[in-house]
Undergrad: 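Quick one: the structure is below, questions incoming.
The analysis underlying the following values was restricted to heavy atoms, covering all of them including side chains, and did not include hydrogens, waters or symmetry mates. Both ligands and their constituent atoms are indexed starting at 1 by order of listing.
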Amino acid sequence: MTVTILARVVRGLEWVAADEVATALPAVRPRLAAREVTFETGRWPEPGLLALRTVDDAFLRVAVRDGVGATRDVPARVAAWCARLDWATWRDRLGQLRPVPERPRFDVVASLDGRRSFNRFALENTVGAAIAARLGGVFAARDGAGRTPGETDLTVRLMVRGPQLVVALRLGVRPLHRRAYKLATGAGTLHPPLAAAMARLALPTGPPVAGLPVARLPVAGTPQAGAASRGGAASRGGVSQVPVVADPFCGDGTIAIEAAYALPAATVLGTDLDPGRLANARDNAGRAGQRIGFGRADAARLPWRPGAVTSVLTNPPWEVAVRAGGALAESLVPFLSALPGVLPAYGRVALVLDAELDGADLLARRGLRVLLGQRIRLAGRISDLLLCAPDDAGADGLVDGLGAWRERALAGGLITPDGF
Ligand SMILES: C[S@@+](CC[C@H](N)C(=O)[O-])C[C@H]1O[C@@H](n2cnc3c(N)ncnc32)[C@H](O)[C@@H]1O
């Protein structure tokens, strides 16, 4: 049996998600569209689908209908059509991938583009009521104010795009971006799939350690020194065979935790000025089962020895959701100036910056070369994701697979060299 999977992704990072899909599921051929990666798989159930980390949400496609209009009677007509679909079979199919109760409580989530004479709530409630019996479930409707009905076992997704309606079932109980580990959070915390994409961009994909340059161990006595390298990788004469990944504005630990998942053999470090955020990070990492060395430090004075950090992955406070504090209260320049010093020549930096800032220029003046700048849109906000290397590095940008997916996205007009 072949099924079609729709993966929703951050705008601008479709090519990164396609690379993850193609690496995790080598038999599939992802297709790219704005905010979406679609593919067929003949292997069902495929548990790797629920482990995708750069994907926001993933769905099993149930049916597609063309000729959906914009008039008030559309919800009733769509509901009548949906009620004829073989919902019990689709529910059982999903039940092969993950547990689905015999009589699931389900909700319906619709998205509509363009102007229509009905709203999404009318469509959701009409379709939900119409399919409950066929699905053998209990429809959890929104309340009068449109509030969601709380946790459900199953979500039916309706995507109305122009004249087309796509009907799908969410693969997980909740969206993939909602990580079970991430319960302790503060202001400006990062979207986990973006953190996972940063880790993919700044780190090699293949086998975790093979072919990596040697990185030196962190300095004794600094917060990170307590972080034993995970995966038991070898260390000889103060030189470690594993990459060292660090986030000097780690907040609740999202980037550090996602980097730890992406590179199981790496030593991962996170520092922040705020003890409350560090407590969150430790809580979250504990729930994720990841060993990460967290410690308190002002990013104006990076607590790592010269050349000790293979990759710095971070989203600094750009005065939008969170203000910089400590020695950075006036300007982030001391951090940017210190950054090249902690990297070896083959080091990498991935930064999320506010799009208003001229990040490439700012970094170039501090001795970092921007290898790649990708504009992204997340919850309506535009940011830049920059991949940088020390200015004297001979390095080019991306490892093979990722580079090929970026080329495809560029050739197809989905992205431009720095935007979309
Ligand atoms: C945008 S948040 C980072 C969020 C983080 N990526 C996450 O997912 O939770 C910026 C962080 O910078 C920290 N910060 C502000 N000034 C700092 C400084 N001088 N040195 C280190 N951290 C600082 C704040 O405490 C905050 O946690």
Side-chain angles (χ1 to χ4, degrees), residues 10 13 53-54 56 177-202 222-224 245-262 268-288 290 292-304 309 311-339 341-342 349-357 359 362 366 376 378-379 381-386:
V10 172
L13 294 181
R53 305 200 75 84
T54 61
D56 283 358
H177 69 79
R178 209 179 302 154
R179 308 288 207 246
Y181 70 75
K182 200 168 170 182
L183 299 182
T185 59
T189 197
L190 201 67
H191 187 61
L194 172 54
M198 292 168 79
R200 253 192 125 67
L201 282 177
T222 54
Q224 73 279 11
V245 179
D247 179 357
F249 300 96
C250 72
D252 311 317
T254 320
I255 295 176
I257 295 168
E258 293 299 325
Y261 277 113
V268 183
L269 312 168
T271 53
D272 199 284
L273 195 57
D274 180 346
R277 299 301 289 265
L278 286 165
N280 286 352
R282 289 193 180 98
D283 270 10
N284 291 331
R287 257 186 301 276
Q290 297 293 352
I292 295 166
F294 289 112
R296 184 154 187 259
D298 190 316
R301 289 176 292 275
L302 294 173
W304 303 301
V309 178
S311 304
V312 172
L313 314 179
T314 196
N315 74 308
W318 296 102
E319 312 300 321
V320 182
V322 186
R323 293 190 69 80
L328 298 175
E330 296 299 313
S331 150
L332 286 170
V333 165
F335 158 66
L336 295 173
S337 304
L339 196 45
V342 299
V349 178
L351 284 174
V352 180
L353 300 192
D354 196 273
E356 311 265 295
L357 296 160
L362 209 60
R366 309 287 153 210
I376 56 175
L378 188 58
R381 269 198 78 80
I382 304 282
S383 313
D384 282 325
L385 174 52
L386 300 177

Undergrad: Quick one: list whatever passes side chain to side chain contact (heavy atoms under 4.5 Å, CB included) with D272, sequence neighbours left out.
TA: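 Partners of D272 by the side chain to side chain contact (heavy atoms under 4.5 Å, CB included) criterion, ordered by chain and then number, come out as C250, D274, R277, L278.
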
Undergrad: Just jot down the ring-ring contact (aromatic ring centres under 6.0 Å, His included) partners of F335, sequence neighbours excluded, or say none.
TA: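 Result, ring-ring contact (aromatic ring centres under 6.0 Å, His included) vs F335: F249.
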
Undergrad: Distance under 4.0 Å, heavy atoms only, partner ligand 1: which residues pass?
TA: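 The answer is G188, T189, L190, P248, F249, C250, G251, D252, T254, D272, L273, D274, R277, A297, D298, A299, N315, P317, V322, R323, A324, G325, L328, counting any residue whose heavy atom sits under 4.0 Å from ligand 1.
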
Undergrad: Do the side chain of N284 and the main chain of L183 share a donor and acceptor less than 3.5 angstrom apart?
TA: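 Yes; judged by distance alone, with no hydrogens or angles, the pair exists.
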
Undergrad: For a 4.5 angstrom cut-off between non-hydrogen side-chain atoms, does V312 reach L339?
TA: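 Yes; the side chains approach each other to less than 4.5 Å.
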
Undergrad: Go through the structure and list residues passing side-chain hydrogen bond (donor to acceptor under 3.5 Å, both in side chains) with R366, not counting sequence neighbours.
TA: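 Once residues adjacent in sequence are excluded, R366 has no partner under the side-chain hydrogen bond (donor to acceptor under 3.5 Å, both in side chains) criterion.
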
Undergrad: Which heavy atom in D252 sits nearest to a heavy atom in A184, and how many Å separate them?
TA: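 Answer, listing the atom of D252 first, then A184: CB-O, 3.6 Å.
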
